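Single-structure report; data block below.
The residues of the chain are indexed from 1 along the displayed sequence. Everything quoted here is computed from the prediction, not taken from an experiment.
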Amino acid sequence: QSMVRIRPDFITFNTAISSLASEQIDLYWRRNGNSNNQYQHTIGKQCYEHLMSMLELYNQGDTRCAPDLICFSTVINTLGRGKDRGDEGRAREILDVMLHLSGVLDTTDNGVVTPFEFDIVPRNKHFNVVLALMAHKNRHLDEETLGHAKWYVTIMEQLGKKEKEKEGHTDGLPQTHEEPMEGNSHPLRMEDIMMLGEEGEAEEAKKNNERTILSMKTSAPDIITYNTLLNIAARAGQPKKAEDIL
């Protein structure tokens, strides 16, 4: 008797991604982020690969594997906390995928974008994590880096403007597999808040949960966005462009 082939679905991948993300948090916060732990450095890459597998299956027509907003958020943040040299490129790739799948960037010839299963328009937090990776202290920064960073910030500004224009109205798409979107709410659980928090102790992340939730409600840039952009401009040797940002 032949064995029935069982394909993974959202729950399968999400369990794997969440488990890896939780382990990364444990390694970083409770073991002082041991820089010699090579396994810790590969966690972001493993989460990225799971997400890419989800997207591949989704593109093949398996809607059960569609990643939701929290799934994208978890993977981007594991990359943001990682130390692998490739994490910046992976995070940028995921952000670009979100921009395309959500319809923010239209790459079709006829201007018709096929709606994705969920509202995955990148939020402030997603952009800021990617910008922080681009501004990493060990990264060589040049005018090209600054140009790409400014492009992301311009998209954030445009999305923020659209949010104000349609305040109180939504497109009706859910954000997660768990529950539909209502108004501007987002079903963040405490473990999600901790995953999205700034690097530091768990208690400190809890204290910052209001700012974290806000960064997941809006795509508009904030002071962190512009400070990161200024840092990139300064280190790229572009003082005039830094003045323009100010």
Side-chain angles (χ1 to χ4, degrees), residues 20-21 24-25 27-29 33 35 40-45 47-48 51 69-99 104 120-157 159-160 188 192-202 204-205 207-238 241-242 245-246:
L20 286 166
Q24 185 190 54
I25 291 170
L27 285 166
Y28 193 94
W29 287 346
S35 60
Q40 176 189 349
H41 300 174
T42 67
I43 287 178
K45 184 177 182 230
C47 290
Y48 161 85
L51 179 61
L69 189 65
I70 289 178
C71 190
F72 277 106
S73 300
T74 304
V75 177
I76 283 181
N77 280 280
T78 60
L79 293 168
R81 286 188 295 266
K83 297 178 184 292
D84 189 87
R85 288 186 177 182
D87 284 346
E88 178 204 331
R90 296 179 190 111
R92 284 171 61 173
E93 182 182 353
I94 292 171
L95 181 60
D96 291 346
V97 166
M98 294 176 75
L99 288 168
V104 173
I120 57 166
V121 173
R123 280 17 178 212
N124 167 283
K125 181 69 180 181
H126 305 126
F127 284 105
N128 280 353
V129 169
V130 172
L131 290 170
L133 283 168
M134 294 174 71
H136 193 276
K137 62 183 179 180
N138 295 330
R139 190 194 195 285
H140 170 70
L141 303 180
D142 53 24
E143 194 169 1
E144 182 180 354
T145 310
L146 176 59
H148 207 118
K150 287 180 70 176
W151 179 67
Y152 281 137
V153 175
T154 298
I155 293 174
M156 295 176 75
E157 291 170 339
L159 288 171
L188 280 176
D192 301 318
I193 291 170
M194 291 175 67
M195 285 181 188
L196 295 168
E198 300 296 327
E199 292 180 349
E201 295 299 325
E204 187 63 27
K207 291 177 184 177
N208 291 333
N209 66 352
E210 288 186 8
R211 186 178 71 181
T212 300
I213 292 173
L214 178 61
S215 73
M216 290 299 293
K217 283 184 176 180
T218 180
S219 301
D222 58 13
I223 188 66
I224 296 174
T225 310
Y226 288 114
N227 282 345
T228 306
L229 188 60
L230 281 168
N231 181 25
I232 293 173
R235 289 175 50 211
Q238 301 292 323
K241 292 185 177 179
I245 294 168
L246 288 171

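In plain terms, the two heavy atoms of Val130 and Ala91 that are nearest each other are CG2-O, 3.8 Å. Of all the heavy atoms in Cys71 and Leu51, the pair that sits closest is SG-CD1, 4.3 Å. When every heavy atom of Gly44 is checked against every heavy atom of Thr78, the shortest pair comes out as CA-OG1, 3.7 Å. Residues Pro122 and Leu95 share a closest heavy-atom pair of CB-CD1, 3.5 Å. Scanning both residues, Val129 and Gly80, for their nearest heavy atoms gives CG1-CA, 3.7 Å. Contact between Cys47 and Ala21 at its shortest, heavy atoms only, is SG-N, 4.5 Å.
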Phe127 and Thr225: side chain to side chain contact (heavy atoms under 4.5 Å, CB included), yes or no, with the steps? CA-CA 8 Å; Phe127 284 105; Thr225 310; 6.0 Å; no
Using the rule given for side chain to side chain contact (heavy atoms under 4.5 Å, CB included), can you reason through Val153 versus Tyr226, listing the C-alpha separation, both sets of side-chain angles and the distance that settles it, and then say yes or no? CA-CA 8 Å; Val153 175; Tyr226 288 114; 3.9 Å; yes
Run the numbers on Asp87 and Arg81 for salt bridge (Lys or Arg N to Asp or Glu O under 4.0 Å), then give the verdict. CA-CA 9 Å; Asp87 284 346; Arg81 286 188 295 266; over 6 Å; no
Would you sort out whether Met134 and Asn231 count as a side chain to side chain contact (heavy atoms under 4.5 Å, CB included), showing the intermediate values? CA-CA 10 Å; Met134 294 174 71; Asn231 181 25; over 6 Å; no
Could you walk me through whether Arg139 and Glu88 pass the side chain to side chain contact (heavy atoms under 4.5 Å, CB included) test, one step at a time? CA-CA 10 Å; Arg139 190 194 195 285; Glu88 178 204 331; 2.6 Å; yes
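Summarising the geometry, atom CD1 belonging to Ile94 is positioned 11.0 Å from atom CD1 belonging to Ile120; distances are rounded to the nearest 0.5 Å. Lys241 NZ to Leu230 CG: the interatomic distance, rounded to the nearest 0.5 Å, is 14.0 Å. To the nearest 0.5 angstrom, Thr145 atom OG1 is 13.0 Å from Lys150 atom NZ. In this structure, the separation between OG1 on Thr218 and NZ on Lys125 is 14.0 Å, given to the nearest 0.5 Å. For the atom pair Met156 CE and Leu229 CG, the distance stands at 10.0 Å (nearest 0.5 Å). In this structure, CD in Glu143 is found 13.5 Å from CD1 in Ile232, a value given to the nearest 0.5 Å.
In this structure, Asn77 contributes its side chain and Ser73 its backbone to a donor-acceptor pair below 3.5 Å. When atom types are taken as modelled, the side chain of Arg92 and the backbone of Leu131 share no donor-acceptor pair closer than 3.5 angstrom. Side chain of Ser219 to backbone of Leu159: no donor-acceptor contact under 3.5 angstrom is found. The backbone N or O of Ala135 lies less than 3.5 Å from a partner atom in the side chain of Arg235, making a donor-acceptor pair. Side-chain atoms of Asn124 come within 3.5 Å of backbone N or O of Ala220 as a donor-acceptor pair.
Only one option out of Asp222, Asn227, Thr228 pairs with Asn128 in a side chain to side chain contact (heavy atoms under 4.5 Å, CB included); it is Asp222.
Summarising the local packing, CZ of Arg85 is surrounded by 12 or fewer heavy atoms from other residues, nucleotides or ligands at distances under 6.0 Å.
A heavy-atom distance below 4.5 Å is not found between the side chains of Val121 and Leu69.
Ring pair Tyr152/His148 is tilted by interplanar angle, where 30° to 60° counts as tilted.
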